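In what follows, a structure is listed as structure tokens, so that the remarks can point back to it.
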Amino acid sequence: MSECIAGNTGENVCRCQLGYFDSNSYSSADGVCTSMNGLIAKSFAVGVEGTSTVTIEWVAPSPESKQVKRYEVHWTPLLPNGTGNYSAGNATNVRLIGFVSGQQYAFYVKTIEHGSRRYEQYVQTASKSITMDAGLGVACNASNIACADYNSNCAKTDNGLSTVCRCRASFFDSNGFNTPGGMCINMSTLAVTDLTLVTEGTETVNISWTPPPLEYTDQVSRYVVSWTPVTHINGSVSYNALLSTDIQLVGFTPGQTYTFYIYSVESGSRKTEQNISSVPSVITMKPHTPSDFTETDVDGPVITLSWFLHKGVKTFYEVISTPTLGMANVTTESITYSVNVSDGQQYNTSITAVSGNERSDPLYSSFTTVSKTPDPPTLSNTTFCNSTTNESIALVWTAPEYPRGNIQYYVVKSITTGAIYTTISGKTEYVVAGLKPGTLYTFSVASVNDAVTYGNQSDYSKQYECRTDAAISMAPSTLLVTQIQSREFTLNWTKPTITNGALSGYRLTVTDGSACVKEVIFACHTCPLWVAIPYDCPVGTKQTVVVLPIHLDGVFNYTVHDILPYTNYTVSVLAVNAAGDGVPVTEYTATDQEVPQHPTDLNVSVLSATEIFVTWTISGLEPGPTTFELHVIPGIPEINRTETIRGFYTRDYTVKNLEEFRTYTFNITAVTDKGSSGFQQALPSATTQAIVPDTVGNFLVTRPDGPNFATVRVSWQLPSLLDRNSDVTQFVFSYNSTGGNVTSHSEVIAVDSDPNPVTKNVTVVPLNTYIIEVYAVGEDSTGSILIGTKSMMTYFAPAGPPPLDVDESIIPSTSNIDIQATHTTFALNIEKRFFTNIVYGPIVDYTLVLCKERCTGLDDKSETKAENYLSTLDGWKAAKTKGFSQMYRAMSKSEFDSAFIAGNKAATTFRIVIGKVTNCSQSTKQYCNGPLQVESTYFLKAAICTVGGCTLSSKYGPFSTLEGIGHFNLIYLLSSNCLIMNDFFFY
């Protein structure tokens, strides 16, 4: 079963023949050649799922399954996408999709082996055929092509030539029967929901509904609205709404109850249409309003009302007639009233047609029964004579129980005098005037209504008697108020001119508004027809004064005592006779003011740093418009002030705008127009609360006088007395330089009693900025620390001329014995320290300044100059034109730097040669260390500058050059077209 063939490396090896496989692969030695048929898949089965899915499964060969590289599923015909196989790997079941509905397919499984020969070899199962289930609209038959959808069946096409799968009745094809595919869905899915009915008027219904779910809405061909009972709307008993979901239908019967259905019609799944109904909805139309109201037999005693319903139906009519007839429900178009029907009564009627819960608009109407002769009014013995005076009687009665019409007026008849009085309209009262005092009168009253065919006046009522009052006295002729003081005044009045009989006395009443203060009865017990005079005031002082008849004639005087000052009073006096109190006469007066009492109990309490609360009391009554003068007494330098407080009943006051932490003494005086009264006890004092001190006084930051640029002087004083605001105990003085914390240098300074300024000198570095801060620290009465308001100033330390040369040691003579003079130069040893002194600012320039012989303007001592001094000096070339007789700058800063930094850096001196540059005549530089003149004497000063000024040292010299024997100019050729000229000296 094997053969000798070439191996992978070229040599011959034994390999299994084609159709056999090596049990342990050809890459390994040994093994057994076994027939490929042993690798054929077992139990091969094919199943169908729906219209496009196939399930295939098999059992792997055993025990040789380890030799299988993969399985492949093959089928014919190919799928629409050209696929005819599927690699399953080592799986033994697959589920494949994409097959055509109703198509027959043949399937087999290949077993691929690649472990025995150089190339793959395979075996395959026998093929198995299946037919896919048919989808909707796909051909089917009763033998081998079943319909996939459970709710479909195999039905003939419209032409009857073939059969296809179609949905059963009560199901619809989700994409229509003319299009293959889709699924059968229950028709209930197409039922509309939320059916809403709203009536409008009596014949119109607005209908709306919610369509089926969006994915099925396209399957509805139209909506049909149907209703029961049958009512033709535009000649139809249903309405095709097409695809609308809200419509308005007009023409229904008013008052009728209808049941509505919405049918969803589907015509895309079967040969004939099918539909599904919504849940029914019931509505009752609003009934039509009744009309043609009529009334009969209004002369009574039975009244019939009738009306007509021109359109629609109703369940009953609701009839409401007011007043007295009430409400009734009837099924006919009329109603008869025989009880409680009144003559001459207007009735208001509403008639409403009712159907179910719906009501028509009411029919409103009114009618009036015939007026007949009225009954007389009702008179009461206790109320008829309502009120009386000495010349009038006010009569009151009740309207008749049966007016039998509308009462127009009443007739009052005086039986005593025969006079007839007529009321205004239907008022049930009348005042009979012009009568005699104390006289008995008899009256009767009749009713008059609006009757026409009957008599309109009733019989007269029962008769009743009324008596007029006795006459009272007129008012006293005069009433005068005199001798007005704060606690009393005197009254004068005269007897009334008309007393209507003998007087029994007078009644005097004094009120202070609404309440009685005093009531005095002047009783004449010996007067004829005397009657007792009772007190009338419920409160106040009451007094009876017995008088004689002679006192009641002419002028009567009386002084009212024990009343209040500065009070308004009303005084009333009336005469009393047998009829009682007469007409009063009234006057108004006011008592005078008086000096107030002394204020007492003056107390003060501190509210804040600027406020003190003051309270006091005062005895007695209000003496008049009272003003309190509160005197606020401070210490120096404040001045006294007075607060004016108006109102007698004011008992406290807040004094504001006081100074902080100051002691104030208080006094108070009460003042009226009559005088004043002062506080007579010990005067109270209080100290306002402390707050933080204000800024210090006279805060100054200045540079001291003289050439001192390394110091700044800071001075200040205590805050002013009114700005200390507390007990100031110390100052905090702080300063810093640019960029530093303000407290980088801080000092606490105790405050003593010396009012002189505090002065502090601060060492500064020129050209630096300093922030200087000072504030006071105080304490309140409890010892709490109060940090004052800070005073802050920024100080820029200016640079100044460097310090003067005071010891003349810049060019020491001891180190300059040998100056190595030549005809044009000499050399000096110079101390470095003068040129490195930066105490007054950084050095910006330095050099040597010199002049020949007399040196015009050259001071012997060290001196200061402006900061631009060196830049204004002549250089060598300019000085030469002047014979070097004036000060000139010996060299530039860079030349001086070269000498300064040369040599030993640790040395305190440096050596510099003056006059060593020989070509200054040709130099373009302003300053050049040019040659000195032969046999000449020079003086010099060292010069150093900051941005704030320059300092010249003391004058040093003389220093002399050597004698010379001659001088000429030598011109020599440097090149063919360039000449150089130098100064040469011979000696």
Side-chain angles (χ1 to χ4, degrees), residues 136-137 149 151-153 155-158 165-179 181-288 311-313 355-358:
L136 296 180
D149 196 311
N151 295 312
S152 65
N153 55 18
K156 286 187 177 183
T157 58
D158 292 346
C165 291
R166 290 232 174 121
C167 291
R168 301 176 186 273
S170 299
F171 293 85
F172 67 91
D173 188 337
S174 63
N175 64 352
F177 70 84
N178 289 325
T179 303
M183 57 190 296
C184 293
I185 299 173
N186 197 297
M187 278 293 292
S188 62
T189 308
L190 298 183
V192 303
T193 57
D194 301 327
L195 175 57
T196 303
L197 307 174
V198 179
T199 61
E200 185 176 319
T202 60
E203 302 180 20
T204 301
V205 179
N206 294 308
I207 309 170
S208 62
W209 58 88
T210 301
L214 185 62
E215 61 267 30
Y216 303 124
T217 302
D218 292 344
Q219 302 302 319
V220 178
S221 302
R222 66 184 183 279
Y223 298 107
V224 175
V225 182
S226 178
W227 55 88
T228 58
V230 174
T231 296
H232 287 79
I233 305 298
N234 297 327
S236 177
V237 295
S238 64
Y239 179 78
N240 183 359
L242 301 179
L243 294 177
S244 296
T245 57
D246 61 273
I247 60 172
Q248 184 183 77
L249 299 180
V250 181
F252 291 96
T253 301
Q256 180 66 58
T257 299
Y258 290 94
T259 302
F260 284 85
Y261 306 84
I262 307 298
Y263 291 93
S264 302
V265 179
E266 193 273 339
S267 58
S269 302
R270 301 181 62 80
K271 189 172 183 179
T272 59
E273 290 182 339
Q274 52 185 348
N275 60 65
I276 185 69
S277 172
S278 67
V279 175
S281 184
V282 178
I283 194 171
T284 300
M285 302 302 295
K286 180 179 180 179
H288 196 72
K311 186 182 290 187
V313 298
S355 181
N357 292 325
E358 294 296 319

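If you're wondering where the values come from, they're calculated on a predicted model, not measured in any experiment.
Within the 3.5 Å criterion, the main-chain N or O of S267 finds a donor-acceptor partner in the side chain of S221. Checking side-chain atoms of N275 against main-chain N and O of Y263 turns up no donor-acceptor pair under 3.5 Å. In terms of modelled atom types and a separation under 3.5 Å, the side chain of T204 and the main chain of G201 share no donor-acceptor contact. Of the possible polar contacts, none joining the S281 side chain to the V279 backbone as a donor-acceptor pair under 3.5 Å is found. Remark: the backbone N or O of D173 is paired with a side-chain donor or acceptor of S269 at under 3.5 angstrom. The backbone N or O of S174 lies less than 3.5 Å from a partner atom in the side chain of Q219, making a donor-acceptor pair.
Of the inter-residue distances, the one linking T217 atom OG1 with L243 atom CG reads 9.5 Å to the nearest 0.5 angstrom. Note: F172 CZ to L190 CG = 4.0 Å, rounded to the nearest 0.5 Å. Rounding to the nearest 0.5 Å gives a distance of 8.5 Å between CD of E358 and OG1 of T257. If you take CD1 on I207 and CG on L249, they are separated by 4.5 Å, rounding to the nearest 0.5 Å. The distance from atom CG of D194 to atom CD1 of I262, rounded to the nearest 0.5 Å, is 12.0 Å. Rounding to the nearest 0.5 Å gives a distance of 6.0 Å between CD1 of I276 and OG of S188.
Between N357 and T284 there is no side-chain heavy-atom pair separated by less than 4.5 Å. Within the 4.5 Å cutoff, the side chain of V225 has heavy atoms near those of the W209 side chain. Inter-residue side-chain proximity for T189 and P212 is flagged as unmet; no heavy-atom pair is nearer than 4.5 Å.
The two residues V192 and P211 come nearest to each other via the heavy atoms CG1-CA, 4.4 Å. What you find for P229 and Q256 is that their closest heavy atoms are CG-NE2, 3.7 Å. Residue F171 comes nearest to M187 through the heavy atom pair N-CG, 3.8 Å, listed as atom of the first residue, atom of the second, then distance. Looking at every heavy atom in both residues, S277 comes nearest to A191 through O-CB, 3.9 Å. Shortest non-hydrogen contact noted between P254 and H288 is CB-N, 3.6 Å. Heavy atoms only, all atoms of each residue included: S244 and Y223 are closest at O-CD1, 3.4 Å.
The aromatic rings of W227 and F260 sit tilted, their planes meeting at an angle between 30° and 60°.
For M183, the CE atom is loosely surrounded, since the number of other residues' heavy atoms within 6.0 Å does not exceed 12.
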Could you go step by step and tell me if L195 and Y261 meet the side-chain contact (heavy atoms from CB on, under 4.5 Å) rule? CA-CA 8 Å; L195 175 57; Y261 306 84; over 6 Å; no
side-chain contact (heavy atoms from CB on, under 4.5 Å), that's the test. Do T245 and T210 meet it? Break it down for me. CA-CA 7 Å; T245 57; T210 301; over 6 Å; no
List the steps, then state whether side-chain contact (heavy atoms from CB on, under 4.5 Å) holds for N206 with D246. CA-CA 7 Å; N206 294 308; D246 61 273; over 6 Å; no
Go through the steps to decide whether C167 and L136 satisfy the test side-chain contact (heavy atoms from CB on, under 4.5 Å), and finish with yes or no. CA-CA 7 Å; C167 291; L136 296 180; 3.7 Å; yes
